[in-house]
Structure formats: C-alpha cells, structure tokens
Amino acid sequence: MKKYEHNKIEKKWQKVWQKSKIYKTDIKKDKPKCYVLDMFPYPSGSGLHVGHPKGYIATDVYSRYKRMNGFNILHPMGWDAFGLPAEEYAIKNKMHPSIAVNKNIKTYKEQLSKIGFNYDWEREINTTDPKYFKWTQWIFLQMFKKGLAYESFEPINWCPTCQTGLANEDLEDGKCERCSSVIEKKPMRQWVLKITDYADRLLKDLDELNWPESIKESQRNWIGRSEGSLIKFPVLNSQFTIEVFTTRADTLFGATYVVIAPEHPLVLSLKEKISNWDDVMKYITATKNKSEIERTSEGKEKTGVQLKGIKAKNPVNGDELPVFIGDYVLAHYGTGAIMAVPAHDDRDFDFAKKHNLPIKQVIEPENLVVNKRGNLLEKAFTGEGVLINSQNFDGMRSKEVKLAITEKFGNKKVTYKIRDWVFSRQRYWGEPIPIIHCEKCGAVPVPEKDLPVKLPNVKSYAPTGTGESPLSAITKWVNVKCPNCKGPAKRETNTMPQWAGSSWYHLRYIDSKNQKELVDKNKDKYWSPVDMYVGGTEHATRHLIYARFWHKFLFDIEAINYSEPYKQLKNQGLILGSDGRKMSKRWGNVINPDDVVAQYGADTLRVYEMFMGPFENMISWSTESMIGSRRFLEKIWRMQEKASTKQSPEQIEKLLHKTVKKVTEDIESFSFNTAISAMMIFLNEVEKNTHINKKDLSIFLKILSPFAPHITEEMWNTNNKTKKSIHISDWPKYDPSKITEEFSNIAIQINGKVRDILKIATGSKEEEIREKALELESVKKWLVGKDIKKILYIKDKILSIVI
RNA sequence: GCCCGAGUGGCGGAACUGGUAUACGCGCACGACUUAAAAUCGUGUCUCGCAAGGGAUGUGGGUUCGAUUCCCACCUCGGGCACCA
C-alpha cells in the first residue's frame, strides 16, 4: 500500500475542488438553506497563527456536514480592512494603505487555502473596496435622513496617541483599547449615531437569540437598562427646578441634600444666586481638566462644592435641602442630578461623612434577626425593607412605596447606560462620511448617485492632531459645490470607525455584486438570517451590538426582511501558546499554520484543533499532543488494507451505527472533541478485527470527511468507482435497531456501592435479575445478618439493594 | 461591590434527564520487532492496601437507595459591568 503522503493528497484535492467548483453557493429552489458565517479577519501584516483558523475549521466542519444533509450552503469569506494598523503600516513604509492591505490579503488567502476550507470565494468582499463602501456610506445617509446620524459638540473621548476621537465602546478602563493611552476629554465636533433609540429593542430581542448566555449578559450589562422615577425639587425663590433620577423613590424622605453634575447647565442659570461663585468655578474647571480615569480612580473620594445661597425643596415633606456640585454625579446619566440619601446609598454616605451632612434613616430591614441592621454611623443600608420616618408611608414596604411615591410626586423613567455611538474618526484610512457642509444649507447629504465618496490620494496619511482629519489638507477634494444651492461648500473630512464596514457585511455576501442595492430583498429573504455565526468573545459589546443596531435600522427602513442578523452564535476559545500565554511575537510562542500543514498536513491540524477540547475552551497549543491526531489519520489510512467485500463482523457493524449517531449529534451541538473520540473508538475496534466491509468503510469516511476532507476524499476515490466527490455525497443515516445491545451489564449496588456486575439479556425482567443478583457470592456476603429494606431497579442499568 | 461562567489523573478532557467516575488522546513505564535508534505493535498507568476493602470530581454541610450532576455556605480562577443614583 502507498504511504500516506499528506502533501501530495492535499494539494491535489484542493486543485480539483477549485476546478470543479463543488463549494459554489447552490441555489436549488427546493432545498432548505444554511448560512454559516465566520467573523471576517482584519488582514494584519503578521499573518495567521494557528489560533486564528480554529473558528474557521469549526464552520468548515459544520457547513460541510450541512451540505451533505441536503442544505444549500452559503459559506463566504472576506476582509475587514479599514482601520489603524494598515494606516500605521502605510505611514511607516510610505506606501498607500490599500497596497499594504492587498499584500496582507494575499498572504491570508494563501494561508487559508492550504487548510482546505470550503468557502465560496466568488462572493469575497473587502470593506475598503469602493464598490463595497458605497453601501456603507449609503446606510449612513439613510440614518442621517432619519435623524439617527447627527452632529454633536459634546466633549468626547480623545486618544492622544492615536490622535482621534473614540466611542465609549473603544475604551478599556478609561484607556484606549488599542494603545492603552489614558483617554482625555476633548470638546470637538463629531458625528454620532443614535443607538440609544434602539436600546430597548436591542435588549428585548436578546431573549430570542440562540447565543451564549455570557455574551447576552455582557450586552445586557452594556445596555444597562434601569427603571426608576423622575422627581422635581423646586429651587427656592426661583423659577428653576432640579429634576433628579432615582431608582429608590421609597427613600425620598431620607434625602438630606441634592447633588448636580458640575457640567449641568443649571449651574450657570443659577449663577446670580450663588454666593461662592469663584469656588464653584474653580471646581468646575478642575473637573474639566481631569480625565475619566482620574475622576474615578482617586480612591473614589467624593469631592464637591456647595452652591451657597441655593436651597432645593423636597416635594414630599418640604425639607429645604442644600445643593452641591460634585463629580461623582455623571452629567450624561439620568438627569445629571441626584437626591442624596446617605443612610441608604454608599456614595451619598461617603459624601455626607466628608462634608458633615445629616444622615436620616428611613428604611428598616424587613427581618431584623436575619438582616442585622448595620450601624448607620459606619455604613449605609442599601437593601429594601420597611419604611420609617416617612409620615403616612411608615410601615409599608419599599416596593409598594416606590410605586405610590412615583405616582404622587414624580414620573416613571427608564434610563440606559449605553450612549450614542461616536462615529467620526480624525484619521485617513476609513470610509469618508458622505456629507457636504454648506454655509447656507448646513450639513447636506451627498446625493446617492454620487456615491461612493472615494478617498483622495494624500501626501501624508499621518493624523494632524488638531482634531481635523488629514483629508482636510486636500483642498481639491474638500472644496465642492453644495448639492443643494450650488454655492461653495466643503466636504466632511472625518472618516468612519473600523466598525462601520463589519456592521452589515453579512448582508453583502448574500448579493455581493449587486450594483443597485446593498442586497436584493428576495435573496435576503431566502438566505437571512445567518444560521450559524462563529467568532471570538471580544466582540460582545462592539461589533455584535453595532451590527444588531444597523440590522434593525435596515429592517425599519424596509431594506431587508428580518430584524436580527445572527440567529445562532458560537464563540471559539483562544488557542494559547505552549507556555500558556497568548500567542504573540513578543513572547516568541507563535505557531504558524503553514509550518504545521507542511510537516503534518492540513487534516492533522484540523482534527487536532477540533479534538483539543470543548470548542469554547481556552487551551494551550501542544505539538506533542497534535501528533496523536496525525497517528489517528495514519491508522485510518491503514484501514484500507482491511477493506473487503465480505460483510463486516457484527460488532463493527453495530459500532458503526452508534458512531454515526454520535458524530451526527455532536456536530449539531459543536461537540467536535467527542465526535472525534467516538471515531477513534470505532477505529480501535476495526484494528482488533480482521476486516471491514468496503461499504462500511465508506460510511465511516463520510462522517470523518468534514473534519479531514483531503484524506477521506483520497480514500473514497480509491475505494469507490464514482467520480463524485465525497463532500457532495449524502450524510449516512443510522439504523436505531442496530444500536441496541443484546446484553446489558447491570450494576448490582448495595447501599449505593457497586458490588458486582451482572451480564444479562437486555430487557430481562426485574424478577429474574433480582433472583440472579441475590445468588451472587459477592452480593450474598454483604447480606449476612441484614434485612433487605428495599430493592430498586433502573432498567438495564442498575439494581440497587438497600439494607 | 454587582452580574454571568467554570473548578474531575502528570496534561487536554469524558460522563445522557440524579444511575457502574476517570471514555478518547497526550505523556510516562515495561515488553515485542531492530545490531541500534526512530517508527510501529502489545501491556500497564487516580490513590492507600499483601489482600478483603477503603478514599477521591475545589472546601465544608444537606437532600437521596445513589450526587461531578440538585440545594446552602465558603475558596480559587476566567469574563462582563462598575461613582450608572
């Protein structure tokens, strides 16, 4: 027999598949569809390491399996290629970013093709291709027309290193997610998308999605819905009121002061009445100069200044409360003002202690024995309970009081933590925002017929640092006529963030060459939503929220048919270096898939990555362990020697049906590791026997083929007369009658401990088993001098004797 | 601080709905083949014990004839949110 030469086999079949186009997206009308999608990569300069393809292997297995089960498969791939890394590479090497991007894409594509994926490359997309980003810009224009894209002048997050504004989602602990610089607040004009309009739907529709619970939970946290009340505190001797947001209306009687954010407009309005204006101004300026991280990390010490001369009236009892500004109150959340109840809120408690303000208890824990009340001199009691010191509400419970007080003194209000999406970047390598600024007409959308607005060539891609994009220096490009009044006007020079192109790419694959629409609605109806989406957890609160937002918007303007893009989501766990650290050049622990493929074969790499452990687990790479997968394939190869026209021995036939069942179920549930272990068990059984029937071998090859497409195709081809590829053959069905065993091993337990195993015909009567069990020496000796209290029987499994 | 998820051999891990814990693979040890090595094949491999038997699924308790699985408390690790009223 020939040796197993993976190099020859893999190259040969990859060529054949490409030529015969067996992976081309099929659209036979009578078949069901399955859209299997990978999170498309950002083609960086360093190429792939073995961790990257893990998710791609899983979708490859899954889509091959589904194809063999009679589905039309859409399984495409593309490139998310706008963004800072390419731009920085270009600045350093003085070349246009698109040249760098094309070079990197070529490398990636070569690396991927060696692994033998079944992508339909005819649908390849690239977010930096004008034919693609024409539609990204088009979507922006639709949002603009609906008032969902607007200009804002609020201070935003500014990264001093990347020299661009950033969205909230781009920060990590107050630092830039990319470069870890401390983020500054910078007041500047920016484009913002009104994602907050969709907050409620983004939250509610999560319930319907078949996604990992942890991702849904992350999104819920990020959206941060909370139900509370708005309550107005009139400012004494003025026409102003301070409106506060609280989730604890039941503690209203315990309010002893009011705090408003330093940025709150009311502060200026009250200027005339404030006797210590200089101190107040000083505090406001100091706050402005602090970064977010400084504001929250100074030991969380609560600072603030009283607005002397101002009093606010508590609507429930007429108490006249002092008013402070303090930066522990956030301007952008709720109303930017709070009523402070130091007895029942930790933060208010700290502030009250520091400024010597009264602490008034109004809630008593419900059960004093269980919930021993803390000493209010040391700690706030933040739980709910029974009211005291609250006039006619005394004795009532928190829950009912919340409702009653809100009804009487305020209004219900829902707030969210999520904030509108800061959408402009002051960098070169992104989609230009298709807006023209005219002195007379204001912000005017570029007419749709003029899309795409392409990027001009510039001498320097480097950011200007002034808050203007490098595009602003290209006067030829910037100066245009207003589409409205034909007067002189200027182009918007900010570009879109990295996340724009990936927010709708799943739709473009469906109809990647359409010049008239972003997607044909009928095609969308057939292929959407994505049935299986696979990628890393790091996208939980960015890409996966943005894409849902855009998708819902496109649904609302009736451009598409469904309101959620990704029906089912799976996360792959990271592959770490063999030292347990993240694979990185820095640690020198990077394994290149090219090397693994050359030395051990693509099939070995694929089987190993699926066998390593549960798909979502983070596991260290081990070349030593991988050799086990190579051995497995070599043994499979040698199985050909045992192939015969004789019928397989009975135990092989039986085990084959069991294995088909197991592998089928495991692929459906993404339990690839146990699917492979079941095939290993089958292989071990064949090795114990003299022969295996050729047809049975073919069945086995079929269930292995999604994992190891090359070796199975080769063996299929030599053992069958057909020219048809194994990958478009039918998935085998198992016969349930062949799975049942003739004999069962029944564990005989005494008080829960196994004392013997009884081999007996499956389906035997309990009586018979009981009799036989009680005759066993190993059982008898435990029963001497004991009474049997009870005997339990679990069919074909256990006989439990209780003494 | 709040909210999720997870802790099983030397290692990756398996165990259906509460029913024989440690499948499968790696590693290791011994043996066969070989002048030798590699490769391959075979046997063994949680732990204490000569054995009968006992003990082990992060720790401590509980429910049950029976718990890796269910309940309570705690510890450790991973992730999300975090001065969000």
Side-chain angles (χ1 to χ4, degrees), chain A residues 173 212-226 228-229 244-248 251 259 292 295-298 300-303 326-330 332-341 344-348 350-351 382 415-419 537-538 540-541 571 573 607-608 611-614 616-629 631-632 634-635 638 662 665 671 673-684 687 745-758 778 781 789-803:
Chain A
D173 283 325
E213 206 41 53
S214 60
I215 299 284
K216 291 209 244 181
E217 203 54 36
S218 293
Q219 293 210 348
R220 288 189 189 109
N221 283 338
W222 188 258
I223 295 165
R225 184 179 199 271
S226 93
S229 327
V244 306
F245 173 73
T246 179
T247 54
R248 293 300 301 271
T251 63
V259 190
E292 195 85 355
R295 256 175 93 157
T296 54
S297 70
E298 285 168 358
K300 295 204 173 169
E301 195 170 322
K302 309 281 174 293
T303 60
D327 67 4
Y328 83 96
V329 174
L330 306 173
H332 53 76
Y333 186 76
T335 59
I338 60 154
M339 61 172 204
V341 185
H344 304 294
D345 182 279
D346 291 326
R347 296 150 299 180
D348 298 344
D350 290 349
F351 191 85
T382 57
T415 58
Y416 300 91
K417 284 191 211 168
I418 193 171
R419 299 181 48 198
T537 52
E538 68 274 17
T541 55
N571 292 126
V607 168
Y608 174 57
F611 182 62
M612 284 176 97
E616 63 282 1
N617 278 20
M618 204 192 270
I619 300 168
S620 295
W621 177 266
S622 158
T623 302
E624 209 174 47
S625 286
M626 186 187 62
I627 289 170
S629 300
R631 274 186 207 144
F632 168 64
E634 271 167 8
K635 289 179 189 174
R638 272 184 253 128
K662 176 82 178 144
E665 289 166 356
S671 309
N673 56 329
T674 48
I676 292 169
S677 110
M679 290 188 278
M680 287 173 169
I681 291 169
F682 178 77
L683 171 78
N684 291 344
E687 291 204 319
N745 289 318
I746 294 179
I748 311 300
Q749 294 187 344
I750 295 172
N751 283 358
K753 281 202 195 306
V754 180
R755 296 302 177 187
D756 211 335
I757 304 285
L758 188 66
S778 51
K781 75 177 185 199
K789 283 189 194 153
K790 217 193 317 183
I791 296 182
L792 292 110
Y793 175 62
I794 312 296
K795 195 168 179 290
D796 297 330
K797 270 187 184 158
I798 279 167
L799 186 80
S800 184
I801 303 168
V802 186
I803 55 172

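Reminder, nothing fancy here: chain letters follow the sequence lines and each chain counts from 1.
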Once you apply the 3.5 Å cut-off to both distances, tell me the Watson-Crick or G-U wobble partner of B:U45, or none. B:G27

Which listed nucleotide (B:C83, B:C3, B:C81) is nearest to the side chain of A:Glu217? B:C3

Go ahead and name the base partner of B:C2; Watson-Crick or wobble counts if both distances stay under 3.5 Å, otherwise write none. B:G80

May I ask you to verify whether the side chain of A:Gln749 and the base of B:G19 hold a donor-acceptor pair under 3.5 Å? yes

Is it the case that the base of B:C83 and the side chain of A:Lys302 share a donor-acceptor contact (distance under 3.5 Å, atom types as modelled)? yes

Under 4.0 Å between a side-chain N/O of A:Asn617 and OP1 or OP2 of B:G13, yes or no? yes

Is there a donor N/O on one and an acceptor N/O on the other, under 3.5 Å, for the side chain of A:Ser800 and the base of B:C65? yes

With a 4.0 Å cut-off, would you call A:Arg631 and A:Glu634 a salt bridge? no

Distances under 3.5 Å between nitrogen or oxygen atoms of protein and nucleotides 28-33 of chain B:
none

Paired with B:C50: which nucleotide, if any, by Watson-Crick or G-U wobble criteria at under 3.5 Å for both distances? none

Who pairs with B:A36 - Watson-Crick or G-U, where each distance is under 3.5 Å: none

Taking only nitrogen or oxygen atoms into account, show me every contact under 3.5 Å that the protein makes with nucleotides 38-46 of chain B, one pair per line with its distance.
from  : atom 1 : to       : atom 2 : distance (Å)
B:U40 : OP1    : A:Arg631 : NE     : 3.4

Give me the distance, rounded to whole Å, that separates B:G58 from B:U69 when you measure between the C1' atoms they each carry. 16 Å

Could you tell me which nucleotide pairs with B:G66 by Watson-Crick or G-U wobble geometry, both distances under 3.5 Å, or answer none if nothing does? none

Every protein N/O lying under 3.5 Å from an N/O of nucleotides 48-52 of chain B:
from  : atom 1 : to       : atom 2 : distance (Å)
B:A52 : O3'    : A:Lys781 : NZ     : 3.4

